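Structure record follows, encoded as C-alpha cells.
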Amino acid sequence: MTIKADVMVVTAHPDDAEFAVAGTVARWTREGKCVVYVVCTNGDKGTSDPEVKPEDLAAMREREQQAAASLLGVRDVVFLRYPDQGLEDTPQFRKEIVRMIRVYRPDTVVTADPYRRYIWHRDHRISGQVTLDAVFPYARDHLAYPDLLQEGIMPHKVREMLFWASEEVNYRSDITGTFDIKIAALRCHASQIEAHYSPEWAERLKGRYRAMAEGEDFELAEAFHRVEILR
Ligand SMILES: [Zn+2]
C-alpha cells in the first residue's frame, strides 16, 4: 500500500520537473535515493501547432514524461490528468496530493513556488499552493481525512520542501555532474523542446545554471527556496 520514497516532485505539467529540478533528481538517484513524480495536468494545451489534437498531445506528453523520468532513474510517475490550464485549489485536488504524500511518504517535497509575483503560470501557482497546504498540515494530521485512515493510508510528516522558480533563493543544488543528463531528459520532451533545441540553446541554459551557482564552490546549480518543516 505504501512505498517509502525519499523525494516527491509535484509538477503542474509534463516537462516542468526537467526544467526545474532534473539535475538535482539525477544526482539524488545516483546517490541511491528513491524519487517519484506527481504530474497534475495532462499538458494538453502545450502546442502552437493548430493541427495537433489535444488528446493526442496529452498522450504524447505522458510518453515523453515517462521517458525523461526513466532516464533520470525516477521510480514512479503518477499522472493526475487534470486539464492543462485547469487546476483549481479544490478540496478534491488537495486530497489527491495528500493521498500521494501519504502513500509515498517522502522526506522532501519539491514543487513550484506559489509566491512568485506577476507573470507566473496559474497551474504552477496553484499546484505549488495546494502542495504546500497538503504537506502542512493536511498530510500530517490524522483527523484531516478519516476516510484515508480507513483505507490504511496513514498520516505522514514531510521534513523539507524545495520551491523552484523562487524569487527568494536560499538553497543551491550542485548539478555540475548531471547537467548533461538534464539536457538529455529535457530532450525527451520532443513536443516542447526539439523546435528550439540547438547546442547554443543548451549553452545558454548552462549559463543560467552557472549564474545560479555564483558564490558556491561548484560550477552549475539549480536554485530553490528551501523550507524545513519543524512541527
Ligand atoms: Zn509548467
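Note that this is a predicted model, so its numbers are computed, not measured. Heavy-atom basis, side chains included; hydrogens, waters and symmetry copies ignored.
- A cation-pi geometry, defined here as NZ or CZ lying under 6.0 Å from the six-membered ring centre and within 45° of its normal, holds between R94 and Y138.
- No hydrogens or angles considered: a donor-acceptor pair under 3.5 Å links the side chains of D113 and S166.
- Residue K53 qualifies as open at atom NZ: its count of foreign heavy atoms under 6.0 Å is 12 or below.
- Ring planes of Y171 and F224: tilted class, angle from 30 to 60°.
- Using cut-offs of 30° and 60° for the angle between ring planes, the Y197 and W201 rings count as perpendicular.
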#### Entry: Audit row: L162, H225, side-chain contact (heavy atoms from CB on, under 4.5 Å) steps and yes/no
CA-CA 6 Å; L162 299 178; H225 185 78; over 6 Å; no
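- With respect to E203 and R208, no salt bridge is recorded, no charged nitrogen being found less than 4.0 Å from a carboxylate O.
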### Task
For side-chain hydrogen bond (donor to acceptor under 3.5 Å, both in side chains), just list the numbers for E160 and T108, CA-CA rounded to whole Å, side-chain angles, deciding distance to a tenth of an Å, and then say yes or no.
CA-CA 5 Å; E160 73 169 347; T108 301; 2.8 Å; yes
### Task
Mind running side-chain contact (heavy atoms from CB on, under 4.5 Å) on I175 and R27 for me, showing each step along the way?
CA-CA 7 Å; I175 64 161; R27 182 166 56 73; 5.6 Å; no
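- Under the 4.0 Å criterion applied to side-chain N and carboxylate O atoms, E18 and K182 are not assigned as salt-bridge partners.
- Using a cut-off of 4.0 Å between Lys/Arg side-chain N and Asp/Glu carboxylate O, D56 and R61 are scored as not salt-bridged.
- K45 has no carboxylate O lying under 4.0 Å from a charged side-chain N of D123, or vice versa, which leaves the two without a salt bridge.
- Here the side chain of T176 pairs a donor or acceptor atom with the backbone of E219 at under 3.5 angstrom.
- Residues Y37 and V109 are members of separate hydrophobic clusters, defined by side-chain heavy-atom contacts under 4.5 angstrom among Ile, Leu, Val, Met, Phe, Trp and Tyr.
- For the residue pair A12 and L87, the shortest heavy atom distance occurs at CB-CD1, 4.5 Å.
- Judged purely by atom type and a 3.5 angstrom limit, Q192 uses its side chain to pair as donor or acceptor with the backbone of G46.
- Within a 6.0 Å sphere centred on CD of E167, heavy atoms belonging to other residues, nucleotides or ligands number more than 12.
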### Verdict with reasoning, R30 to T178, per side-chain hydrogen bond (donor to acceptor under 3.5 Å, both in side chains)
CA-CA 10 Å; R30 285 178 186 181; T178 52; 5.8 Å; no
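- Under the 4.5 Å side-chain heavy-atom criterion for ILVMFWY residues, a single connected hydrophobic cluster contains both V98 and L80.
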### Query
So Y115 and Q129, side-chain hydrogen bond (donor to acceptor under 3.5 Å, both in side chains) or not? Walk me through it.
CA-CA 8 Å; Y115 300 119; Q129 182 69 61; 3.3 Å; yes
### Message
The test is salt bridge (charged side-chain N to carboxylate O under 4.0 Å, His left out); show your working for D107 and K4 and say whether it passes.
### Response
CA-CA 9 Å; D107 296 320; K4 180 68 190 94; 3.5 Å; yes
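- Within the 3.5 Å criterion, the main-chain N or O of L57 finds no donor-acceptor partner in the side chain of D44.
- E214 CD: 12 or fewer foreign heavy atoms inside a 6.0 Å radius.
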### Task
Using the side-chain hydrogen bond (donor to acceptor under 3.5 Å, both in side chains) rule, take Q92 and T90 through it: C-alpha gap first, then chi angles, then the decisive distance, then the call.
CA-CA 5 Å; Q92 182 205 328; T90 63; 5.2 Å; no
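- Expressed to the nearest 0.5 Å, how far SG of C188 lies from CD of Q66 amounts to 11.0 Å.
- Both V36 and Y82 are part of a single hydrophobic cluster, where members link through side-chain heavy atoms under 4.5 Å apart.
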### Task
Determine, step by step, whether I181 and L71 satisfy the side-chain contact (heavy atoms from CB on, under 4.5 Å) criterion, reporting the C-alpha distance in whole Å, the side-chain angles of both residues, the deciding distance to 0.1 Å, and the verdict.
CA-CA 8 Å; I181 195 169; L71 190 67; 4.2 Å; yes
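- With salt bridges taken as basic N to acidic carboxylate O contacts below 4.0 Å, none links R204 and E200.
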### Audit row: K206, L220, side-chain contact (heavy atoms from CB on, under 4.5 Å) steps and yes/no
CA-CA 7 Å; K206 195 173 201 171; L220 304 173; 3.9 Å; yes
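- Using a cut-off of 4.0 Å between Lys/Arg side-chain N and Asp/Glu carboxylate O, E228 and R159 are scored as not salt-bridged.
- Remark: the backbone N or O of R99 is not paired with any side-chain donor or acceptor of R102 at under 3.5 angstrom.
- For the pair R122 (side chain) and Q85 (backbone), a donor-acceptor distance under 3.5 Å is absent.
- No chain of hydrophobic side-chain contacts below 4.5 Å, direct or via other Ile, Leu, Val, Met, Phe, Trp or Tyr residues, connects L186 to V77.
- Checking T47 against D49 by side-chain atom types alone, no donor-acceptor pair falls below 3.5 Å.
- Residues M8 and F19 are members of separate hydrophobic clusters, defined by side-chain heavy-atom contacts under 4.5 angstrom among Ile, Leu, Val, Met, Phe, Trp and Tyr.
- Rounding to the nearest 0.5 angstrom, the gap separating the OH atom in Y145 from the CD1 atom in I153 is 12.0 Å.
- Distance CD/E64 to CG/D15: 8.5 Å, rounded to 0.5 Å.
- In this structure the side chain of L132 never reaches within 4.5 angstrom of the side chain of T111, judged on heavy atoms.
- A salt bridge does not link E222 to R172: none of the charged side-chain nitrogens sits closer than 4.0 Å to a carboxylate oxygen.
- In this structure, the side chain of T131 does not engage the main chain of G128 through any donor-acceptor pair within 3.5 Å.
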